[in-house]
Amino acid sequence: MFKKEFKITPWNVEGEVDYEKLIKEFGVSKLEDNILERIKKHTKELHLFLRRKIFFAHRDLDWLLDEYEKGNKFFLYTGRAPSGDIHIGHLLPWIFCKWLQDKFDVDMWFQFPDEEKFLFKKNLSFEDTQKYLYENMLDVIALGFDEKKTHFLIDTKHANLMYKEACKVAKKITFSTVKASFGFTDSTNIGSIFYTSMQAVPAFLPSILKGKNIPCLIPLGIDQDTHFRVSRDVMPKLGFYKPAIMHNVFLPPLTGVSGKMSASDKISSIYTTDTPKQVETKIKKYAFSGGQPTIEEHRKKGGNPDVDVSYQYLRMFFEPDDKKLQKIHDDYKSGKLLTGELKEILIKKINDFLKEHQRKRELAKKRIDKFVFKN
Ligand code: TYM
């Protein structure tokens with residue numbers, strides 16, 4: 001059977017994502033077991049995002065590990081363009097960064113391009129982006145990053161440091177390249193055309209600040225890869241290393257397992273600020289079920305965990321225990337576990353997670369200043 005056509009840009013994901021096809025189209029490498037073993041040598045254990053291939057592809061990770069093993073430590077870089085509330089899908093690359101920071105004891109640079117979504121979205125004002133910038137920073141801090149080793153770069157605030165470097169990148173990328181890579185047309189505004197050079201800067205800014213080249217690792221959702229596909233080749237021309245990248249799949253929307261949870265789709269997303277009641281209602285009402293239409297049929301034929309959003313959220317995020325997950329999988333497939341019961345398991349897991357996250361989010365309000373880079 002043919003999969004439906006899909007389209008991915010850093011600003012929009014449409015259709016059923018075929019990750020195998022993406023690996024070929026983007027020219028990235030599959031995250032194979034041998035490289036996971038290499039990581040495990042240093043981390044002793046593998047995060048569930050690695051065990052379950054939620055991070056599924058990479059660029060130059062072998063090189064990064066070679067450098068690390070030679071004593072050349074890397075730094076982490078990722079980001080968030082403020083444009084709305086944070087949903088649980090956004091947390092995937094960031095939770096992974098926090099784990100890597102702990103395991104490898106490395107610095108983390110987090111970019112908030114507060115001009116990006118202003119440029120790309122029709123109805124978003126600069127004032128809106130500043131409100132979300134504040135809210136989004138709380139979510140990042142709440143994940144537990146080390147304040148001494150984590151540095152927030154805010155494009156409009158750190159423009160004095162970043163703009164000059166972005167111009168150096170921009171000078172080496174043509175309009176025809178960004179047109180082909182991002183699907184821009186002659187009616188695209190000129191701010192959007194320049195933007196990718198701002199996203200490139202944190203991949204080498206720490207090298208400039210330290211006065212020596214430092215390897216960089218960027219965990220991100222695969223939709224963001226294009227920015228680096230365009231800018232990685234420029235970096236050696238400016239005298240820096242190309243950054244290594246690790247790509248995660250998308251946490252799907254509540255309504256089906258093949259797409260990307262997207263902050264603008266209110267009913268299909270679970271936000272970090274949702275109340276327990278909101279979580280319960282959304283999951284009960286919208287989470288796509290792989291179960292059968294009636295209890296009798298479900299007991300007889302069993303459910304399909306592969307297409308069941310509640311099961312997939314447990315697999316991708318909320319049930320770290322492999323044995324417990326396997327039991328849920330088997331019980332659901334055999335018909336022993338009903339859709340309603342599976343949903344209850346997920347609701348409790350998400351609400352436990354959000355309770356703690358929201359508590360830490362409150363505490364983060366007093367700590368923002370410690371994270372914003374001082375230059
Ligand atoms: P943004 O703000 O759209 O998204 C932030 C990060 O979340 C990932 N993401 C998801 N991951 C899993 N499941 C989902 N449903 C999902 N939705 C979003 C995105 O891939 C991204 O990694 N231009 C960037 C901001 C940025 C950045 C960076 C991102 C600046 N520098 C460096 C990655 C690396 C943006 O608009 O992301």
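The first residue of the sequence shown is numbered 1, and numbering continues consecutively from there. First listed ligand is number 1; within each ligand, the first listed atom is number 1.
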Lys/Arg N to Asp/Glu carboxylate O, Lys179 vs Asp186, below 4.0 Å
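Looking at Asp186 together with Lys179, the answer is yes, because their closest N to O distance falls below 4.0 Å.
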
Do NZ/NE/NH1/NH2 and the carboxylate oxygens of Asp33 and Lys53 come within less than 4.0 Å?
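Lys53 and Asp33: salt-bridged.
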
Going by the angle between their ring planes, with limits at 30° and 60°, are [X] and [Y] parallel, tilted or perpendicular?
{"X": "Phe318", "Y": "Tyr313", "value": "tilted"}
{"X": "Tyr163", "Y": "Phe194", "value": "tilted"}
{"X": "Tyr68", "Y": "His42", "value": "perpendicular"}

Check: [Y] and [X] side chains under 4.5 Å, non-hydrogen atoms:
{"X": "Leu238", "Y": "Lys172", "answer": "yes"}
{"X": "Lys21", "Y": "Phe6", "answer": "yes"}
{"X": "Leu217", "Y": "Leu61", "answer": "yes"}
{"X": "Met235", "Y": "Pro243", "answer": "yes"}

Run the numbers for me: atoms of ligand 1, each under 4.0 Å from some heavy atom of [X], listed by number.
{"X": "Lys117", "result": "1 (P), 2 (O), 3 (O), 36 (O)"}
{"X": "Phe250", "result": "12 (C), 13 (N)"}
{"X": "His87", "result": "15 (N), 16 (C), 17 (N)"}
{"X": "Glu116", "result": "23 (N), 24 (C), 25 (C), 35 (C), 36 (O)"}
{"X": "Thr78", "result": "28 (C), 32 (C), 33 (C), 34 (C)"}
{"X": "Met261", "result": "15 (N), 17 (N)"}
{"X": "Ile218", "result": "34 (C)"}
{"X": "Asn248", "result": "11 (N), 12 (C)"}

Check for me whether Tyr195 has a heavy atom closer than 4.0 Å to any atom of ligand 1.
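Distance cut 4.0 Å: Tyr195 passes for ligand 1.
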
Pro113: heavy atom below 4.0 Å from ligand 1, yes or no?
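It does, in that a heavy atom of Pro113 comes within the 4.0 Å cut-off of ligand 1.
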
Ring centres under 6.0 angstrom apart ([X], [Y]):
{"X": "Tyr332", "Y": "His298", "result": "yes"}
{"X": "Trp63", "Y": "Tyr241", "result": "yes"}
{"X": "Trp94", "Y": "Phe145", "result": "no"}

For ligand 1, note which part of [X] has a heavy atom under 4.0 Å away: side chain, backbone, both or neither.
{"X": "Gln199", "result": "side chain"}
{"X": "Gln224", "result": "side chain"}
{"X": "Val249", "result": "backbone"}
{"X": "Trp11", "result": "neither"}

I want to know if ligand 1 touches [X] in the polar sense, i.e. an N/O pair below 3.5 angstrom.
{"X": "Gln111", "answer": "yes"}
{"X": "Ile222", "answer": "no"}
{"X": "Tyr77", "answer": "yes"}
{"X": "Gly221", "answer": "yes"}
{"X": "Gly89", "answer": "yes"}
{"X": "Ala81", "answer": "yes"}

Side chains of Gln326 and Asp322: donor-acceptor distance under 3.5 Å anywhere?
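No, no side-chain donor-acceptor contact under 3.5 Å.
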
Checking salt bridge (Lys or Arg N to Asp or Glu O under 4.0 Å) between Glu319 and each of Lys349, Lys327, Lys324, which is the one that passes?
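It is Lys349, the one option of Lys349, Lys327, Lys324 that forms the salt bridge (Lys or Arg N to Asp or Glu O under 4.0 Å) with Glu319.
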
For [atom], closest protein heavy-atom neighbour:
{"atom": "atom 9 (N) of ligand 1", "value": "His90 CD2, 4.1 Å"}
{"atom": "atom 17 (N) of ligand 1", "value": "Lys260 CE, 3.2 Å"}
{"atom": "atom 13 (N) of ligand 1", "value": "Leu251 N, 2.8 Å"}
{"atom": "atom 5 (C) of ligand 1", "value": "Gly79 O, 3.5 Å"}
{"atom": "atom 8 (C) of ligand 1", "value": "Pro93 CG, 4.1 Å"}
{"atom": "atom 20 (O) of ligand 1", "value": "Asp223 OD1, 2.6 Å"}

Please find the pair of heavy atoms, one from Pro219 and one from Cys97, that lie closest to each other, and give the distance.
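The pair with the smallest heavy-atom distance is CG-SG, 3.5 Å.
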
